[in-house]
Amino acid sequence: MAAVRLPDGRELLVEPGEKARDVAEKIGQRLARDAVVAKLNGKLVDLDAPLDGGGEFEVVTKGSAEGLEVLRHSTAHAMAQAILEMYPGSKLTIGPPIENGFYYDMEVAGRITDEDLPRIEEKMREVVERDLPIERQQVTKAEVESLYEGNQYKQEIICDLEEGDITVYRQGEFFDLCRGPHVPSTGRLGAFKLQNIAGAYWRGDERNQMLTRIYGTAWPTEKELKAYLRRLEEAKARDHRKIGRDLKLFTFSPDVGAGIPLFLPRGEALRHLMEGYVREVQERHGYQHVWTGNLANEALYAKSGHLEHYLDDMFPPMVDGETRYRLKPMNCPSHMTLYNTEAHSYRDLPLRYAEFATLYRYEKSGVLTGLTRVRALTQDDAHVFCTEDQVQEEFGRALEIIREVLDTYGFEDYKVRLSLRDPDSGKFVADDEKWARAERALRDALDAAGIAYEPVAGEAAFYGPKADFMARDVLGREWQLSTIQVDFIQPGRLGCEYIGEDGNSHTPVLLHRAVTGTTERFMAVLIEQYGGAFPLWLSPVQAVVIPVADRHLEYAYKVREALSAEGFRVEVDDALSSMQKKIRENARQKIPYLLIVGDAEAEEGTVNVRQRGKKVQEAVEIEEFAGRMREEIASCDSYRRR
RNA sequence: GCCUGAGUAGCUCAGUGGUAGAGCAGCCGCCUUGUAAGCGGCAGGUCGGGGGUUCGAAUCCCUUCUCAGGCUCCA
């Protein structure tokens, strides 16, 4: 007789024909009730699965990560069943669990709009009430092909499957080609809510048929569902588009153009502070700043390869007689042109050119979002010309800069993606040997720095692989911020050379890197991270002086002058409203310090300090307050800490 | 670009074929205030733009612009 070993080391004998469910019941009634699936020898199986072979056994409940995934997957099936019943003739494609929920892509017979979602949910609840047993069935390729006659999507999936390993899950009339596992019956689903409808191309390829995708979320209990929905609501309050408007940082206007952010004074101040900080760090690390304008001759991009590989992302040309100009989509060709204005010796290398340049990229209209995806973007870009031997050191230097800056901003939640080429795509310059060298250089440098990364094919730049630092926005979307790229291709194309120790001419390797990525996107992520409450050194307005009554205005201006003279950004709220209202308004603007001044303060030469988020009042002499601010700034700016 | 929605005053939003509304912001007065909205008045709109249906359109239809969410987390 076989035996299973439980996580606590206990062993249980398994009678022939006994199922996972039976063992769960032997372990405990309550566990059996909470079980959704089981794990046998590390593999998830249905509760109906026989345990004849025995092995490592574990019961998986809804509460666990794996159990939740199963729950969500099964909820997707219930939704598919509901939709098939309501829209007969619809064709199923795929419906996986995802973070926090699930989706299902299908070709719907008819049209589903947002208003239909509650009705579909209703039907799903019906499916749950029927408590249909969910059964796994092993089928042959021929059988499943005939089940899906007329469904070209499933046929395509079936094509790639191995005979002998094909299963179909059934619940009542409904069936779906599926690897499983699933909860034992539709009555075992938890709380769910359908969220939104979206179009999705079959297999994500825009040349394919557009399918209807419905997103939903699912949780073990109603309480957890509610909590999740509340978290979503709270995230919306931190959305940089909302805060950007409320704090008067930036705006957009169709009169100017989609994807072109317009910065108001406070937003510009923020940009300036962000860029100034990176500039300081870069200069300390031996980078030199250059400026190469906004337009360039198209011929330059023909040489660099952009015209061939990056055309779709460039704005159409401006034609001036024989010359065609392009808005600059990248700085590299311009920086290489700068490099070429002089002859270089190996002694000059590495040469590091940095530029805060606004670039223009023709993003497809549908992908523009707030400041995270724009058409006018300011990169904190730099290009390091070096010898192949210097790549690792320069990579390490770039990494150090990036880590220092992310650390200053208190960023911890990011991951590193190694963006590689997809050899089957025509997007990338073809030169296997150079790609291999570039990739090796990147991997070596990442390993040397002890950085964990995840390789992703197809995300590279057309001229080389990249290490990208990815962060998430409040809605959970991932965005690329910092990047370091190794380029063995462009310098040769643009004729960059240096004379080596051997007296011969060589082609330098080009390192492309950006610290915050783009000012716009990084600002978006910063706004969301801080919820608009920027640290003092980064606040566009650091303090607002609020007079108790009009007769204190004169003193309020004196306070401002005194603090401005010390380099602080201070304003006086001299509107015609009450002091209470000014406190409210400026608190909503997330101003770090409100300085209330009335008779007592004017007499004693003090300010009454109200710190953001706190209600304590404290009279402090102006000079002492300035000193406190200086101290606070020094403590939250890692650069000054050094 | 494509799918599904949305677009009404500076902002947040009501208004489902019959005289365009509210709150906040703005402007003008009054109040001169001690830690998150003082009081009163006034003004503000080509209902995103264009076209159509209708006696009559913010409302229905077409078109266009902009915005939001999504477009392999793979049975």
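Chain identifiers are assigned alphabetically (A, B, ...) following the order of the sequence lines, protein sequences preceding nucleic acid strands; residue numbering begins at 1 within each chain. Just so you know, these numbers come straight off a predicted model, no measurement behind them. Both backbone and side-chain heavy atoms feed into the values below; hydrogens, waters and symmetry mates do not.
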At under 4.0 Å between heavy atoms, what does [X] touch on the DNA or RNA strands: base, sugar-phosphate, or nothing?
X        : answer
A/Ala258 : sugar-phosphate
A/Asp599 : base
A/Ile94  : sugar-phosphate
A/Ile166 : base
A/Arg245 : sugar-phosphate
A/Thr93  : sugar-phosphate
A/Lys581 : sugar-phosphate

[N] pairs with which nucleotide, Watson-Crick or G-U wobble, both distances below 3.5 Å?
N     : result
B/G34 : none
B/C74 : none
B/U4  : B/A68
B/C47 : none
B/U53 : none
B/G29 : B/C39
B/A22 : B/U12

OP1 or OP2 of [N] under 4.0 Å from side-chain N/O of [X]:
X        : N     : answer
A/Arg477 : B/G69 : yes
A/Arg584 : B/G38 : no
A/Tyr215 : B/C71 : yes
A/Arg179 : B/C74 : no
A/Arg551 : B/U33 : yes
A/Arg213 : B/C73 : no
A/Ser578 : B/U33 : no

Decide whether a cation-pi geometry holds between A/Arg213 and A/Tyr103; the criteria are a distance under 6.0 Å from NZ or CZ to the six-membered ring centre and an angle within 45° of the ring axis.
-> yes
Axial cation check for A/Trp219 ring with A/Arg72, 6.0 Å and 45° limits | yes
Which of these nucleotides, [options], is closest to any side-chain atom of [X]?
X        : options             : result
A/Asn608 : B/G34, B/A75, B/C71 : B/G34
A/Arg203 : B/U4, B/C74, B/G38  : B/C74
A/Lys154 : B/U35, B/A75, B/G70 : B/A75
A/Met579 : B/A36, B/G1, B/U33  : B/U33
A/Ala549 : B/C71, B/U33, B/A75 : B/U33

Rounded distance in Å between the [atom1] positions of [N] and [M]:
N     : M     : atom1 : answer
B/G51 : B/A14 : C1'   : 28 Å
B/G48 : B/A6  : C1'   : 11 Å
B/C62 : B/A25 : P     : 41 Å
B/C31 : B/G5  : C1'   : 48 Å
B/A57 : B/G52 : C1'   : 11 Å
B/C11 : B/C65 : P     : 22 Å
B/G10 : B/C47 : P     : 13 Å
B/G49 : B/U66 : C1'   : 11 Å

To the nearest Å, give me how far apart [atom1] ([X]) and [atom2] ([N]) are.
X        : N     : atom1 : atom2 : value
A/Arg417 : B/C73 : CZ    : P     : 11 Å
A/Glu99  : B/C73 : CD    : P     : 12 Å
A/Asp246 : B/C24 : CG    : P     : 17 Å
A/Gln195 : B/A68 : CD    : C1'   : 15 Å
A/Asp116 : B/G5  : CG    : C1'   : 12 Å
A/Asp550 : B/U32 : CG    : P     : 10 Å
A/Asn586 : B/A37 : CG    : P     : 13 Å
A/Ile83  : B/U4  : CD1   : C1'   : 14 Å

Does a salt bridge link A/Glu145 with A/Lys154, judged by any charged N lying under 4.0 Å from a carboxylate O?
-> no
Salt-bridged, A/Arg560 to A/Glu571, with N to O below 4.0 Å?
-> no
Does any N or O donor sit under 3.5 Å from an N or O acceptor when you compare the side chain of [X] with the base of [N]?
X        : N     : answer
A/Asp114 : B/U4  : no
A/Arg588 : B/A37 : no
A/Tyr362 : B/G1  : no
A/Glu115 : B/G5  : no
A/Asp105 : B/U72 : no

What class does the angle between the rings of A/Tyr362 and A/Phe315 fall in, given that below 30° is parallel, 30 to 60° is tilted and above 60° is perpendicular?
-> perpendicular
Just say parallel, tilted or perpendicular for the rings of A/Phe250 and A/Phe263, cut-offs at 30° and 60°.
-> tilted
Evaluate the salt bridge (Lys or Arg N to Asp or Glu O under 4.0 Å) criterion for residues A/Arg628 and A/Glu621: first the C-alpha distance (whole Å), next the side-chain angles of each, then the deciding distance (0.1 Å), finally the verdict.
-> CA-CA 11 Å; A/Arg628 285 191 195 179; A/Glu621 285 188 13; over 6 Å; no
Compute the centroid of each ring, for A/Tyr148 and then for A/Phe175, and state whether the two points are separated by less than 6.0 Å.
-> yes
Using distance alone, with no hydrogens and no angle criterion, decide if A/Asp573 and A/Asn586 have a side-chain donor and acceptor under 3.5 Å apart.
-> yes
